[in-house]
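Below is one structure, written out as structure tokens; the observations come after it.
The analysis underlying the following values was restricted to heavy atoms, covering all of them including side chains, and did not include hydrogens, waters or symmetry mates. Chain naming here is simple, since letters A, B, ... match the order of the sequence lines and numbering starts at 1 in each.
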Protein chains: 2
Amino acid sequence: MTIRDVAARAGVSVATVSKVINERYGVSAATLARVRAVIEELGYEASLVAQSLRNHRTNVIGILVADLEPFSTELLKGAADAIRGSGFELVVYSAGGRTGDPLGWEKRYLSRLSGTLVDGAVLVTPTVSLDVVPGTPVVAVDPHTGPSHLPTIDSDNLRGAQLATEHLLDLGHRRIAFLAGRPDLQSAELRKTGYLRALTAAGITPDEDLIRIGAYDPEVSAASAHALLTGPDRPTAVFAANDISAIATVDAARELGLAVPDDLSVVGFDNVPESALCSPPLTTVDQPIREMGHRAIRMLIALINGDEVERTHVTLDTGLVVRHSTRALP
Amino acid sequence: MTIRDVAARAGVSVATVSKVINERYGVSAATLARVRAVIEELGYEASLVAQSLRNHRTNVIGILVADLEPFSTELLKGAADAIRGSGFELVVYSAGGRTGDPLGWEKRYLSRLSGTLVDGAVLVTPTVSLDVVPGTPVVAVDPHTGPSHLPTIDSDNLRGAQLATEHLLDLGHRRIAFLAGRPDLQSAELRKTGYLRALTAAGITPDEDLIRIGAYDPEVSAASAHALLTGPDRPTAVFAANDISAIATVDAARELGLAVPDDLSVVGFDNVPESALCSPPLTTVDQPIREMGHRAIRMLIALINGDEVERTHVTLDTGLVVRHSTRALP
DNA sequence: GTGAAAGCGCTAACAC
DNA sequence: GTGTTAGCGCTTTCAC
């Protein structure tokens, strides 16, 4: 089913069919109608691939995610939302969390796709190679390896962590533990910095024993939380670097017979909406994940169209949503 | 950056470069090394589009989803998992929940992609056109419009609903309400059928007043749940056709001062893992969503490879996971 | 108003 | 072993 089949059936040349498809001038009304009818009848659709090869504009935006976990799927929803009505299509490529050549994956994919299949890409891969394919507009979301010269969307991890810690301080907590994220991710480090700064600003000397690695992993977090809660002079509050760790902390507390928030206050970061459902509903630092996806697409489209982009590094606000997992110390 | 640049720089013809890329015979060790070095140096990657146009095999599988909601993203994870190590890549196309031409979307996309960009596709769109593009292997997941002759993966909605209802009956409940899904979806109808059968088998005549539409929508469900719980002779248990409706029911109960499960038992269907987090943790009919994604990909790969496929309609088991939202009547 | 022909980047016959 | 060439499905000059 190619353009030639349509041309043959309509008794015209392929060039004419192409003109009809692309709504070009220079086709008589009669021919137009006939060709349209044949297209309809045959259910013909132009091959995206052949079109891409010819035109260098494809009206397709790629979004590359390292894996389909809650963060990226949430982001995808915002992106899908922004793409609607933009005239672009969205295709998602997932590396499937593969470990082989973690560094080069996004670059390889980008080279294979750019200039042909996609007009630009959003990168949601923790490790963003600094030297991406030239000539292809790219926007990175929360690029974890530190400041890059790529256009970037992220959220205010530092301030979010400070808000969370200050909230616990305001509730009277003084022994506040931190369940850290992955040390290789810049956003995780910023959360730690925010925690430390808030403590220091309150005149509290951070206690190394109250800082453990959760690594954004349920099992690692569970073990660390357990250690934290069974150690000497246990904390009265825990700030977890993401919601997975926070939920693991709540579970660990429950297992130890500690009630949340009566015996232990817990705050999480990185919440996808579902974390509001946990029991008790989690106080969280609210990252506007969908909005990040939305903004990334909008910025990318501007870049593709050559529009003026006011700022290429956008940091979205984070806020604290207080729910029932925290309470004032008696 | 094309194959010609590589050829020129290496001082060979494009054919030779192509042979190197595709590991064909007939290239001397010296040339091989030289070309490889140039490829490395230039960071060249063959254009997926041009390759697709030429070869009719692309090693790419498309997965078309109507929207990126929890069900489809969960399914995507299973699919991503199955794709790993299969030699195929996965690309996801989302219709973004668009309403325009809901029927033809998957067909249009498929025509544009098949034979060129993807070797086959998994359809996760409620409405599956019966006459999909011939020549392209396709597997439908939970096709909602009724039995189709397409290869299909679904889960046992009928039995799941029976299990849920029987569980409530076993707990001593007699006035069991049903919060139905969307009447246009076959799976929703099967859930209703299962509910009715279980009641009838227990010698209970279904009460029309206890059946309301939740439409898988939080607001519609909330309103229906409210009506159900404030009506005369209110039910002691509610079976909701999906987890969104179930959570809405729990919330509605809470607002009315009814405790779950003390005053009202609630069971949900369609759970994504997060629904276990709600408060109290929801008793649910467990659909193996990830496994559905996994099986769909595996079946599709077999189809693409022309392998023998034992069954083209696979219905996966559903089970009941009892959590704290249900209890025996006193 | 319409069609012939070139060429997008690549691969596979087939010469040399 | 290596290069020349045709052509995948499409769009776009440019003759007619």
Side-chain angles (χ1 to χ4, degrees), chain A residues 1-36 38-39 42-60 110-119 133 135-136, chain B residues 1-36 38-39 42-60 110-119 133 135-136:
Chain A
M1 170 82 335
T2 77
I3 197 173
R4 298 237 286 263
D5 300 322
V6 177
R9 192 132 169 73
V12 295
S13 74
V14 294
T16 302
V17 176
S18 175
K19 281 172 196 155
V20 171
I21 294 168
N22 297 287
E23 301 181 304
R24 296 274 172 277
Y25 297 115
V27 182
S28 72
T31 313
L32 186 72
R34 188 151 35 91
V35 172
R36 284 228 173 108
V38 172
I39 287 177
L42 266 43
Y44 167 79
E45 290 287 337
S47 157
L48 196 58
V49 166
Q51 283 184 321
S52 304
L53 190 58
R54 217 13 263 242
N55 309 339
H56 278 202
R57 173 77 174 237
T58 62
N59 289 328
V60 173
L110 218 44
S111 324
R112 303 202 61 180
L113 302 170
S114 71
T116 43
L117 230 202
V118 301
D119 293 337
V133 182
T136 303
Chain B
M1 168 83 331
T2 78
I3 198 173
R4 298 237 285 263
D5 300 322
V6 176
R9 191 133 169 71
V12 296
S13 73
V14 294
T16 303
V17 177
S18 175
K19 281 173 196 157
V20 171
I21 294 168
N22 297 287
E23 300 180 306
R24 296 275 173 278
Y25 297 112
V27 182
S28 74
T31 312
L32 186 72
R34 189 150 37 90
V35 172
R36 285 227 172 108
V38 172
I39 287 177
L42 266 42
Y44 167 78
E45 290 287 339
S47 157
L48 196 58
V49 166
Q51 282 184 322
S52 304
L53 191 58
R54 214 22 260 237
N55 308 339
H56 277 205
R57 174 77 175 236
T58 62
N59 288 327
V60 173
L110 218 45
S111 324
R112 302 202 63 182
L113 302 169
S114 70
T116 44
L117 231 203
V118 301
D119 293 338
V133 181
T136 304

(message) Any side-chain N or O of Ser47(B) below 4.0 angstrom from OP1/OP2 of dG9(C)?
(response) no
(message) Once pairs are restricted to Watson-Crick or G-U wobble with both distances under 3.5 Å, how does DNA chain D read as a dot-bracket string, [ ] for crossings and | for other-strand pairs?
(response) ||||||||||||||||
(request) May I ask you to say what Ser18(A) touches in the nucleic acid, namely base, sugar-phosphate or nothing, with a heavy-atom cut-off under 4.0 Å? (result) base
(message) Can you tell me if Ser28(A) touches the phosphate of dT2(C), counting only side-chain N or O atoms and a distance under 4.0 Å to OP1 or OP2?
(response) yes
(message) Counting the atoms with a prime plus P, OP1 and OP2 as sugar-phosphate, which does Val49(A) contact under 4.0 Å by heavy atoms, base, sugar-phosphate, or nothing?
(response) nothing
(message) Counting only side-chain nitrogens and oxygens, does Tyr44(A) get under 4.0 Å of the OP1 or OP2 atom of dC10(D)?
(response) yes
(message) Does dG3(D) have its OP1 or OP2 closer than 4.0 Å to a side-chain nitrogen or oxygen of Ser13(B)?
(response) yes
(message) Check this one for me: any side-chain N or O of Arg24(B) less than 4.0 Å away from OP1 or OP2 of dA12(C)?
(response) yes
(request) Specify the closest pair of heavy atoms between Val14(A) and Ile3(A), including all atoms of both residues, with the distance to one decimal. (result) O-CD1, 3.7 Å
(message) If the cut-off is 4.0 Å, is Gln51(B) near the phosphate of dT11(C), judged by side-chain N/O to OP1 or OP2?
(response) yes
(request) Give the rounded distance in Å between these two atoms: CG of Leu113(A) and C1' of dC10(C). (result) 16 Å
(request) Using only side-chain N and O atoms of Ser52(B), determine if any of them is under 4.0 Å from OP1 or OP2 of dC10(C). (result) no
(request) Look at the side chain of Lys19(A) and decide which nucleotide, out of dA6(D), dG3(C), dC10(D), has an atom nearest to it. (result) dG3(C)
(message) Side-chain N or O of Thr31(A) versus OP1/OP2 of dT2(C): is the shortest distance under 4.0 Å?
(response) yes
